[in-house]
Amino acid sequence: KHAEAALKYRVDFEGLVMNISTRFINTKPDEVDAQIDAALEDIAMFTGDDRCYVFLFSEDKTMMDNTHEWCAEGIDSHIGHLKDLIVENYPLSTGAILRGEALQIPRVSELGPEESNDRGEFEEEGIQSLLNVPMVCAGDIVGFIGLDSVHRQRSWPGDVVDLLRIAGEIFAGGIDRKRANEAIRSSEERYRLIADNARDVIWVMDLDLNYVYVSPSVAELRGFTVEEAMRQRLDQVLTPESYEKAIALFTEEMRIEEGMQGHDRDWTRTLELELKRKDGSTVWTEVTVSLLFDQQDTLYRFMGITRDITERRLAEAAMRESEQRYRQLFEKAGDAIFVHDLEGHFIDANRAAYERLGYTKDELLSMTVMDLDTPEYAHLVPERVRTLKEQGLTVFESVHKKKDGTHVSVEITVQIASVGGVPRILSIVRDVTERKQMEEQKRIYEASLLHSQKMEAIGTLAGGIAHDFNNI
């Protein structure tokens with residue numbers, strides 16, 4: 001009889017393992033939880049225990065949750081409050097598990113004071129004996145599966161530990177598939193939500209360049225419905241020149257992918273392409289293309305984002321026109337114009353600036369502001385730059401040295417301007433030599449006139465005195 005009982009036990013054991021394994025082979029991701037619950041009941045019924053359960057760790061192994069539980073009739077369920085538990089608060093229960101070891105406690109009542117947290121929880125749940133076994137997935141301990149004996153104290157033989165270990169690995173694999181499926185579904189939902197509501201057109205093509213997805217924003221960009229756009233070939237989407245450019249890109253990347261070189265996962269290319277609209281007009285777009293790979297790292301889709309750049313191109317054209325007008329005004333200005341950095345190094349200058357000083361443009365751009373100023377003014381440059389930074393605009397006089405060594409008096413209007421986001425100093429320099437000469441002549445004339453007036457007054461005074469003497 002003992003032999004028969006042992007044989008029946010072995011047959012039932014193997015049958016249970018086979019049943020659990022087979023059950024999970026064909027289980028859909030959304031059915032994993034129900035299958036785990038059913039398997040927990042089968043295991044507890046086979047071992048004769050009161051409670052069977054699963055705990056899962058957080059990714060960083062600092063927290064754990066009781067995620068699945070089966071209880072025999074009359075046994076209280078505790079899954080509701082065993083959530084967000086701090087792992088380090090239960091060193092006895094989790095220490096062995098995280099080392100990859102099974103934990104068997106035949107007598108909870110014999111636990112010492114150092115295991116007070118664990119013992120307190122066990123006694124609250126009415127546990128007399130328990131067995132916990134690590135759940136492993138791809139070499140990572142993701143949680144544990146356990147048995148509780150509430151009505152009696154007991155220990156478990158090695159084959160029950162093996163049973164839990166096998167079941168735990170099967171459960172872990174199922175949970176991993178479920179989580180992966182949920183992540184994919186969540187990602188797809190987020191992607192579709194973004195794609196369906198994006199202003200840019202998001203599209204996906206197969207390797208034959210047929211659309212498999214086009215976002216609804218295509219209607220605003222090109223005037224076609226999603227269904228119409230999905231049926232179009234690439235040559236119906238792009239103008240001839242842009243079509244050739246796109247085909248060249250796709251052909252080259254397919255050649256690379258089919259060769260030994262391959263692509264990085266983060267590969268992208270950006271093109272400016274002209275698209276046809278339903279009303280016969282065209283629209284310029286910026287198209288960013290990336291690659292989609294399957295689980296075998298094989299390229300199977302092209303994904304792209306198409307953005308309307310009409311306004312940007314108009315702005316760029318206006319800017320180019322504005323720059324051309326600025327350059328014409330800059331070069332043809334009657335006053336000398338200099339652009340230099342805050343340290344005084346010249347960056348640009350117009351024709352009047354370098355020709356009046358007798359330099360070529362290249363010669364001038366190799367110089368600094370201090371090289372142009374005569375010594376009595378050169379030492380004032382740092383102080384003037386500080387004043388300019390404080391006020392933003394200032395006017396002062398200086399004397400510049402020409403290449404031939406002669407000097408020219410100048411009046412300089414200086415302001416700080418942003419060029420490409422970098423602060424630069426713009427100086428408009430006016431030759432005031434003639435004005436200075438006139439001012440000097442005026443000063444001399446006024447001084448001479450004053451001298452003459454003084455001499456006349458002295459003469460008048462002298463004549464008066466002489467007359468007075470003659471009358472004495």
Side-chain angles (χ1 to χ4, degrees), residues 24 29-30 32-37 39-40 43-44 49-71 75-106 108 110-150 156 161-187 189-190:
F24 276 83
D30 57 358
V32 167
D33 290 328
Q35 294 291 358
I36 291 176
D37 290 339
L40 292 178
I43 292 170
D49 288 300
D50 302 305
R51 189 183 291 120
C52 190
Y53 47 86
V54 168
F55 277 76
L56 294 179
F57 293 127
S58 60
E59 189 172 345
D60 60 4
K61 307 294 190 295
T62 61
M63 308 292 289
M64 62 181 180
D65 288 334
N66 184 186
T67 57
H68 302 80
E69 179 192 60
W70 176 84
C71 297
I75 300 299
D76 292 336
S77 170
H78 292 275
I79 190 171
H81 75 272
L82 295 176
K83 306 290 185 185
D84 296 323
L85 304 180
I86 299 174
V87 168
E88 65 179 12
N89 287 348
Y90 303 93
L92 176 63
S93 302
T94 60
I97 296 298
L98 291 174
R99 293 193 299 271
E101 303 169 0
L103 173 68
Q104 184 166 178
I105 304 176
V108 169
E110 294 181 0
L111 292 177
E114 64 275 12
E115 291 97 14
S116 58
N117 277 2
D118 296 86
R119 178 174 176 174
E121 182 59 41
F122 299 155
E123 290 178 341
E124 183 179 342
E125 297 179 34
I127 302 171
Q128 296 200 52
S129 305
L130 65 85
L131 171 64
N132 291 340
V133 176
M135 288 172 51
V136 181
C137 181
D140 183 36
I141 297 172
V142 298
F144 57 90
I145 179 173
L147 289 169
D148 289 347
S149 179
V150 176
W156 289 266
V161 176
D162 293 338
L163 171 63
L164 293 190
R165 196 177 299 278
I166 293 169
E169 290 182 1
I170 295 171
F171 293 172
I175 291 169
D176 187 58
R177 290 199 312 275
K178 176 193 171 189
R179 286 176 171 174
N181 183 72
E182 289 173 346
I184 292 172
R185 185 182 300 170
S186 176
S187 177
E189 289 175 353
R190 289 197 301 271

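When a residue number appears, it is its place in the shown sequence, counting from 1. As the structure is a computational prediction, the values presented were derived from the model and not from experiment.
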Do other residues, nucleotides or ligands put more than 12 heavy atoms under 6.0 Å from the CD atom of E59? no
Exercise for the section: Step through the shown structure and confirm whether more than 12 heavy atoms of other residues, nucleotides or ligands are within 6.0 Å of CD on E123. Expected result: yes
>> With side-chain contact (heavy atoms from CB on, under 4.5 Å) as the criterion, how do I105 and L103 come out once you've worked through the C-alpha distance, each side chain's angles and the decisive distance to 0.1 Å?
In response: CA-CA 7 Å; I105 304 176; L103 173 68; 4.2 Å; yes
request  = Apply the test side-chain contact (heavy atoms from CB on, under 4.5 Å) to residues L147 and I43: give CA-CA distance (whole Å), side-chain angles for both, the deciding distance (0.1 Å), then the verdict.
outcome  = CA-CA 9 Å; L147 289 169; I43 292 170; 4.2 Å; yes
State the [atom1]-[atom2] distance between [X] and [Y], to the nearest 0.5 angstrom.
X: F57; Y: I97; atom1: CZ; atom2: CD1; result: 6.5 Å
X: E110; Y: R119; atom1: CD; atom2: CZ; result: 9.0 Å
X: I79; Y: R51; atom1: CD1; atom2: CZ; result: 11.0 Å
X: H78; Y: I127; atom1: NE2; atom2: CD1; result: 7.5 Å
X: L56; Y: C137; atom1: CG; atom2: SG; result: 11.0 Å
X: M64; Y: L82; atom1: CE; atom2: CG; result: 8.0 Å

Should [X] and [Y] count as side-chain neighbours, where that means a heavy-atom distance under 4.5 Å?
X: E121; Y: N117; value: no
X: M63; Y: I86; value: yes
X: D148; Y: D50; value: no
X: L163; Y: V161; value: no

(request) Given side-chain contact (heavy atoms from CB on, under 4.5 Å), test L164 with W156 step by step and report yes or no. (result) CA-CA 11 Å; L164 293 190; W156 289 266; over 6 Å; no
[X] and [Y]: which non-hydrogen atoms are nearest, and at how many Å?
X: W70; Y: D49; answer: CZ3-O, 3.9 Å
X: P29; Y: R177; answer: CB-O, 4.5 Å
X: G168; Y: I145; answer: CA-CG2, 4.3 Å
X: M135; Y: A172; answer: CE-N, 3.9 Å
X: V108; Y: S129; answer: CG2-N, 4.1 Å
X: L40; Y: C52; answer: CD2-SG, 3.5 Å

Donor-acceptor check, side chain of [X] to backbone of [Y], threshold 3.5 angstrom: yes or no?
X: E115; Y: G112; answer: yes
X: Q128; Y: V150; answer: yes
X: N66; Y: H68; answer: yes
X: D118; Y: L92; answer: yes
X: D60; Y: T62; answer: yes

Original post:
Y53 and F55: aromatic ring centres closer than 6.0 Å?
Top reply: yes
**Asked** Just checking, is any N or O donor in the side chain of T67 or D65 under 3.5 Å from an acceptor N or O on the other one?
**Response** no
Is the closest side-chain donor-acceptor distance between S77 and E69 under 3.5 Å?
yes
- Step by step, work out the side-chain contact (heavy atoms from CB on, under 4.5 Å) result for V54 and F171. CA-CA 9 Å; V54 168; F171 293 172; 4.0 Å; yes
Subject >> Pair D33 + K178: basic N to acidic O under 4.0 Å >> reply: yes
